[in-house]
Amino acid sequence: GAVVSQHPSRVICKSGTSVKIECRSLDFQATTMFWYRQFPKQSLMLMATSNEGSKATYEQGVEKDKFLINHASLTLSTLTVTSAHPEDSSFYICSATGEAFNYGYTFGSGTRLTVV
Amino acid sequence: KQEVTQIPAALSVPEGENLVLNCSFTDSAIYNLQWFRQDPGKGLTSLLLIQSSQREQTSGRLNASLDKSSGRSTLYIAASQPGDSATYLCAVPNSGNTPLVFGKGTRLSVIA
């Protein structure tokens, strides 16, 4: 149980375009989902917290208009990187939690975004 | 503000050794504690979840303990194997659906 599927695993896009990353909880209802980014050899950095049906809560320094988060259902959250620039290149990971697993946290496999 | 510290930052051991990874947290009012492993370029894999009312959890060669009052957890790996090489992360949420607070991890290398 407790499987989170994240797609795509890798994406290369041109500067100025937008990219959408999906995070799905396959076998449980994820009341809360989290989005992180990680630079090489560094720790995970929390970007935002999203609750189903509510607006996401962004961490300080994260531009909400650039990183659009939608959590329209209990099994799907999306992160859209708008007008991507090379500095947005990073490893993005989602995580989900819910009551069914005593609020243990399950992580997706991550998305490697490269903006050229 | 919750802070999580992991010691050591890196560890290199020969295959077959038993080893202990340490995690400490400053605020003992945690909901649960979770140990993860992360392989390079990959997401996080959950290893063990210990609820605040529990003292330990076991899965195969892994055993994690929790001492809430002293703010400590240990991850014991028995008979280490090269496949155990990864970064091990300890994390706690302050309540059921709040963001995890992570330690910086222990980078483990098991040498064949």
Side-chain angles (χ1 to χ4, degrees), chain A residues 1-7 9-10 21 23 28-52 54 56-60 62 71 74 90-114, chain B residues 1-7 9-10 23 25 29-54 57-59 62 64 66 73 75 85-109:
Chain A
V3 177
V4 171
S5 175
Q6 185 174 342
H7 291 282
S9 58
R10 290 178 179 273
I21 302 170
C23 180
F28 69 103
Q29 293 186 326
T31 50
T32 308
M33 288 187 172
F34 307 90
W35 287 94
Y36 298 82
R37 66 187 298 181
Q38 186 178 35
F39 293 105
K41 298 188 177 181
Q42 294 191 21
S43 302
L44 293 169
M45 184 185 79
L46 179 68
M47 299 175 67
T49 300
S50 73
N51 293 294
E52 184 264 339
S54 303
T57 301
Y58 290 81
E59 295 300 298
Q60 192 172 6
V62 177
H71 191 167
L74 284 170
S90 188
F91 191 58
Y92 293 86
I93 310 176
C94 71
S95 173
T97 187
E99 188 175 357
F101 291 96
N102 288 320
Y103 294 104
Y105 293 69
T106 303
F107 284 76
S109 55
T111 297
R112 171 75 56 195
L113 170 63
T114 303
Chain B
K1 180 184 173 185
Q2 179 75 269
E3 292 183 3
V4 178
T5 303
Q6 290 187 245
I7 295 172
C23 171
F25 44 94
I30 61 171
Y31 193 79
N32 55 42
L33 183 143
Q34 207 161 351
W35 283 92
F36 299 88
R37 70 174 278 170
Q38 184 177 29
D39 294 281
K42 305 291 185 183
L44 274 64
T45 300
S46 178
L47 299 174
L48 290 165
L49 169 66
I50 311 177
Q51 299 297 331
S52 61
S53 59
Q54 297 174 323
Q57 282 287 330
T58 298
S59 176
L62 306 179
L66 174 63
S73 176
L75 179 66
S85 299
T87 296
Y88 289 79
L89 296 161
C90 164
V92 296
N94 285 331
S95 65
N97 59 355
T98 56
L100 287 171
V101 179
F102 284 92
K104 292 186 182 298
T106 294
R107 192 169 64 255
L108 173 66
S109 295

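Naming: A, B, ... by sequence-line order, numbering from 1 per chain. Because the structure is a prediction, the values reported are computed rather than measured.
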Part of B/Lys104 within contact of chain A (heavy atom distance under 4.5 Å): both

Tell me the closest heavy-atom pair linking B/Pro99 and A/Thr49, and the distance in Å. CG-OG1, 3.4 Å

Taking the side chain as every heavy atom from C-beta outward, state whether [X] and [Y] have any atom pair closer than 4.5 Å.
X        : Y        : result
A/Ser43  : B/Phe102 : no
B/Gln38  : A/Ile93  : yes
B/Leu100 : A/Leu44  : no

For A/Arg112, look at atom CZ and say whether over 12 heavy atoms of other residues, nucleotides or ligands are found less than 6.0 Å away. yes

What distance separates B/Thr98 OG1 from A/Phe34 CZ, expressed to the nearest 0.5 Å? 6.5 Å

Which region of A/Gln42, side chain (C-beta onward) or backbone (N, CA, C, O), has a non-hydrogen atom less than 4.5 Å from a non-hydrogen atom of chain B, or is it both or neither? neither

Output the option from A/Tyr36, A/Phe91, A/Phe107 having the highest count of non-hydrogen pairs under 4.5 Å with chain B. A/Phe107

